[in-house]
2 protein chains.
Amino acid sequence: MIENNIGKRNVLWIMADQLRFDYLSCYGHPSLHTPNLDALAAKGVRFDRAYVQSPFCGPSRASYYTGRYCRSHGATWNGFPLRVGEPTLGDHMREIGVRCALVGKTHMMPDLEGMNRLGIDPDSEVGQRHAECGFEPYERDDGLHPYGFDEARPSYDDYLRRNGFDSANPWEEWANSGIDKYGNVRSGWFLKYSDLAARVPAKHSETAYITGRAIDFMQAAESSRPNQPWLMHLSYIKPHWPYIVSPPYHEMYGPEDVLPAVRSNAERQTDHPLFRAYQNSRICQAFASEEARQKVIPAYMGLVKQLDDQLGRLLAWMEDQGLMDNTMIVFSSDHGDYLGDHWMGEKDLFHEPSLRTPLIIYDPRSAADITRGQNSDELVEAIDLLPTFQSFFGGPAKPQLFEGLALDPLLHDTADGWRDVAFAEYDIATRPARLELGTPLDKSGMVTAIDKRWKYTWFRDFRPVLFDLENDPRELIDLGADPAYEKVRQHFDAAILEWATRPHGRTTMTHEQLNRMAGKEPTGILIGLWDEDDYERVFGRSYDRRPGLPRRAEV
Amino acid sequence: MIENNIGKRNVLWIMADQLRFDYLSCYGHPSLHTPNLDALAAKGVRFDRAYVQSPFCGPSRASYYTGRYCRSHGATWNGFPLRVGEPTLGDHMREIGVRCALVGKTHMMPDLEGMNRLGIDPDSEVGQRHAECGFEPYERDDGLHPYGFDEARPSYDDYLRRNGFDSANPWEEWANSGIDKYGNVRSGWFLKYSDLAARVPAKHSETAYITGRAIDFMQAAESSRPNQPWLMHLSYIKPHWPYIVSPPYHEMYGPEDVLPAVRSNAERQTDHPLFRAYQNSRICQAFASEEARQKVIPAYMGLVKQLDDQLGRLLAWMEDQGLMDNTMIVFSSDHGDYLGDHWMGEKDLFHEPSLRTPLIIYDPRSAADITRGQNSDELVEAIDLLPTFQSFFGGPAKPQLFEGLALDPLLHDTADGWRDVAFAEYDIATRPARLELGTPLDKSGMVTAIDKRWKYTWFRDFRPVLFDLENDPRELIDLGADPAYEKVRQHFDAAILEWATRPHGRTTMTHEQLNRMAGKEPTGILIGLWDEDDYERVFGRSYDRRPGLPRRAEV
């Protein structure tokens, strides 16, 4: 354990993709055993109420990487460019001398139009850095590489070919396909084939490959620049679809491990237009079917189990290298997966399986000894990570930019109060439901406010949705239109108003600058003074008509 | 008059500084005759309910120049850098081939830190353009040049010296000073000397000089590039303080022209902490005094009268050149001046003298013939100008960026409904009142919502303020704490919530792009499909495992 504020330190920030909060044994899953993540939780703090800022990859990640709510960074859906100039984790780390590397996925889309307006060549160092969301792309792999998808091919393709999995697209044809009992190659995209074994052995799976690359990075970083602190963002694609996994994980779990779906017939009768439109969509109907759940969920569990095994390998290696002594380790996810709960598939909406994620933080500082193995039920947001890293490395707090809170008080049990409400947003601008409902583009947003008891979602175009998490933790009873809860809704309208009007745009002035300016009139500008005597009375010195020459005289 | 959509066209956008809405004769001032602006109004539309987005120079102008509310552009007070990458009027005009020049003030502060992060040299073309808020700085003069004030010296200094007004600082010592009856040079900064004649004759005043430079620009633009449309932002410093004016304007108006202050004793007893703190401040107390009003207001009127005369000269020249036929002319102001109303000086708060400004638009298109000489009482915002210009020049609408409305429907009498509520903001982060009240920096904002009947100001740290503009047009009765108006306040809380959560950050995606994406799944990504038959059922063609090779194969 390192003493507070002493020595070279690192951060390993792991992110899973589409991993819901309750599919680890330390979070209570009854048959999915994840001993390595459980062991990490035993050394750190397990956050039981961690929420992402948006239930979709792109906007959620943009919030993680900028430390800002979606309404501030503006990249509110997948593929929306993060505007050039918006500072990211990598920029903040670079500023304080921390090497900030990426191994895996970011979902970053560069703002080519903005770069063009500013004369920034996309191939220049600055342009490349923006395209990589500020990270040093040690190994970038956004994780989805089917035929025809207009994304860069991953190095993983080459790796597979080198290992004998030859194809124009080994990602699609080997790593994400299986062989059925008749010997046919079947695509892992189809839910029916989720119980087949992926065509690559576990050691050559994407999860294993990326884990190896993470070890490569740490090895290289420690040997080439042993004194430079680093932050590695190890960002897995799994357990995100395609839901197909290598042996033996494909047969570790079966229908008997599939928990009953959390859903009610009342939900089917909802009068909420958006929730109804989603339930009726093809994708949600597919995932709501019990047949699909029986196929998908065991594969999903296998993918999580494999991730846990690979993290075991990684953490053992770090232990061996002594890196556990000075490295903060964070395990997180970008959003959840409904898996048929609430008659929904995928994510998109506001229920716990979609917005709530696992978050485990191991802090090597001795100040964290007091909380090891504990859990916290405080409301924690994804945007809290950036200020936590900034604080861990001793960088400036930057409240003009960071909208989250450094988690140190929770990690060191020194919190004197914490946030009362967490917020998440979603934008259905590009979703089929918007077209179906005729929602205009300026009304496609929703805001979810969550406190210790309630979850309230406010829409621009529909009535709100309200759940009493204390009496209805499974979120089956929507109180959004119940007259008895008018006061609760008003309370949350006020909370969202308070949140929405926080000064999120005032990013070019530090609080120190604002405080220095406060109350001071600039030199030479005299307002509301009657005459020279008044000047003397106010400023305590006599008025000098020519106190000095212009400072930046161009004459 | 030009036909709609035909021919080369220009925009002359005039801005006065600190000119309140009611100090022109066409807006009803009884003794301040402004025949030239009245004549412009007779040819165009006079907007009677035009509001700026902030009652202070810097943030108001940043809204005018970006077409965005303060919460979006973030430059919420004077001297706060506009973040690099935020597109401005100049960027939008350049994109569609319009030359966009500045003659006068912008109050723009460049974002040096942001430029540094993006590797943009402040001396490069892009860096210079950013520092000039996107304008071609034909003549930049931010208008305040006392000794010791750390701003670039204006060319006006040189001009004065060339004309015999020799000094290290002719702006301060000649243009903004007077001689008292004892022969002493007295500074125009002091209110007591506002009735003295400025030491330069009217023809060498800053207002006359800047007007001449505007004519120079038009002459040069028309002769060097006769086919290129242009937009000139002619941005005067006056009638902003120092309140001192050249002869004969200094003696055109006297105490008999000073209208009674709009204020009540009840206002003095307000329990609203912020309004009280302002009233008690030195600056407001100075301007609330009748003695100061008698000195300042005649000078203010003289400055406005001089501005009108100079605009008469400019407009006559344009008429002579035939430029009235194809040039849209807009007369506006960046905010008002309390001049002692409501016991206030300067601006800062939410009353009409501070937030409401004159707005006159002469549209040369034949479609505007139907409204010439009319007035409009629709709620118009400063951010409406940018989309109006964009539309006039035939550029794209850009709803992802522009938060205002093109005024064409009001100018052409084709409006089918209009906005119900206008919004303004203010940030007291740097104000003495914040320090006095102990308001934290994240609670220093306020939002004013105005409809045809009410004006409501919501604060993050205080109770709201509410005026019934129909029954109390002078805003003397604050209903913000009156229980009888709870429903009105709730209505406006909802309106501000609606406003605050508008998608103001989603700037990198056009609505066309969003609509194209809506409902489409990217190629190769298959979600929620059971098997190949399901694929065929959904997509109407048989599933092809290898539809094509990767588009951007790097293998």
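When reading the values below, keep in mind they use all heavy atoms of this one structure, side chains included, and skip hydrogens, waters and symmetry mates. Each chain gets a letter, A, B and so on, in the order the sequences are listed, and its residues count up from 1.
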Show me, pair by pair, the donor-acceptor contacts under 3.5 angstrom made by side chains of residues 112-120 of chain B, not counting sequence neighbours?
{"from": "B:R117", "atom 1": "NH2", "to": "A:G85", "atom 2": "O", "distance (Å)": "2.9"}

Flag the one option from [options] with the top tally of heavy-atom pairs under 4.5 Å to chain A.
options	result
B:R94, B:R186, B:K443	B:R186
B:E436, B:R460, B:R71	B:R460
B:T507, B:D531, B:V126	B:D531
B:V84, B:D442, B:V447, B:T76	B:D442
B:H511, B:R431, B:R129	B:H511
B:T430, B:L82, B:D534	B:T430

Counting only non-hydrogen atoms closer than 4.5 Å, does [X] touch chain B with its backbone (N, CA, C, O), its side chain (CB onward), both, or neither?
X	value
A:R434	side chain
A:E172	side chain
A:M509	side chain
A:Y543	side chain
A:S444	side chain
A:V538	side chain
A:L144	side chain
A:T501	both

Subject >> Largest heavy-atom contact set with chain B, pairs under 4.5 Å, which of A:A292, A:P87, A:A429, A:G445 >> reply: A:P87
Quick check on [X] against chain A: is it the side chain, the backbone, both or neither that has a heavy atom closer than 4.5 Å?
X	value
B:D427	side chain
B:I496	both
B:R83	both

Subject >> A:T508 (side chain) donor-acceptor with B:P81 (main chain) under 3.5 angstrom >> reply: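 Checking the backbone N and O of B:P81 against the side chain of A:T508, a donor-acceptor pair under 3.5 Å is found.
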**OP:** Anything under 30° is parallel, anything over 60° is perpendicular, the rest tilted; go ahead and classify A:Y535 against B:F190.
**Re:** perpendicular
